[in-house]
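One structure is given here, and the rest of the page talks about it.
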Amino acid sequence: MAKIEIILGDITKSRVDAIVNAANTTLLGGGGVDGAIHRAAGPELLAVCRPLHGCATGEAKITPGFRLPATYVVHTPGPIWRGGQHHELTLLANSYRNSLNLAATNGCKTIAFPSISTGVYHFPLAVAAEIALRTLQATAATTAKTIELIQIVCFDEQTKKAYETALAELSA
Ligand code: ADP
């Protein structure tokens, strides 16, 4: 069973088999963690993303990591929060499940996730944290059993606290 760790840091520095990019549906780069990943990976990343012709919300696509310490980048567009009645919860769970499964089928044993959708996509943090951890635990226990380590890389203290609280509640 995979170990889940919640850490504070910059995911572009993560030395894992795969990092997950909270992308947009164009897969052509953007702001936030997406921009940081493209800057750190170098222009080769955009060059291989272009022929992928985008990605639907909740789905995932994989590329090499190029200049990143990580071998792969798994790109997944999380849902934009529109009040909670537009399948946002299901779509966020899909992003985590599909990303973890895609990494596992590509032989990854260690993976790092950012807090998908809780930046400019405005998904409520506490709800997002619970969905993320619940989905990752369930997926790691069933279809992605070869994954050994899952890191949630939080960019600020408030985000880290939310994931720690959610993990404590799930383990209780
Ligand atoms: P989304 O569009 O899915 O909301 P954002 O990139 O706006 O994506 O934000 C998602 C989360 O990623 C936010 O918590 C943001 O602070 C965080 N973030 C931004 N840059 C980095 C980084 N270099 N490493 C890890 N997390 C980051």
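Atoms within a ligand are numbered from 1 in the order they appear, just like the ligands themselves.
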What do you reckon, does [X] have a nitrogen or oxygen under 3.5 Å from a nitrogen or oxygen of ligand 1?
X: Val120; answer: yes
X: Ala22; answer: no
X: Ile11; answer: yes
X: Tyr121; answer: yes
X: Ser115; answer: no

Treating [X] as the side-chain partner and [Y] as the backbone partner, does any N or O pair qualify as donor plus acceptor under 3.5 Å?
X: Asn24; Y: Gly29; value: yes
X: Asp34; Y: Ala23; value: no
X: Ser117; Y: Pro79; value: yes
X: Asn98; Y: Gly58; value: yes
X: Tyr96; Y: Arg134; value: no
X: Thr57; Y: Pro77; value: no

Give the atom numbers and elements of ligand 1 that come within less than 4.0 Å of a heavy atom of Asp10. 22 (C), 23 (N), 24 (N)
Which atoms of ligand 1 have any heavy atom of Gly119 under 4.0 Å away?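 Atoms satisfying the 4.0 Å criterion: 4 (O), 5 (P), 7 (O), 9 (O), 10 (C).
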Is it the case that the ring center of Trp81 lies less than 6.0 angstrom away from the ring center of Phe123? yes
May I ask you to decide whether Lys61 forms a salt bridge with Glu59, counting only side-chain N to carboxylate O separations under 4.0 Å?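 Result for this pair is no, no salt bridge flagged.
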What protein heavy atom lies closest to [atom]? Include the residue and the distance to one decimal.
atom: atom 3 (O) of ligand 1; result: Ser117 N, 2.8 Å
atom: atom 15 (C) of ligand 1; result: Phe155 CB, 4.4 Å
atom: atom 14 (O) of ligand 1; result: Thr118 OG1, 3.7 Å
atom: atom 12 (O) of ligand 1; result: Val33 CB, 4.0 Å

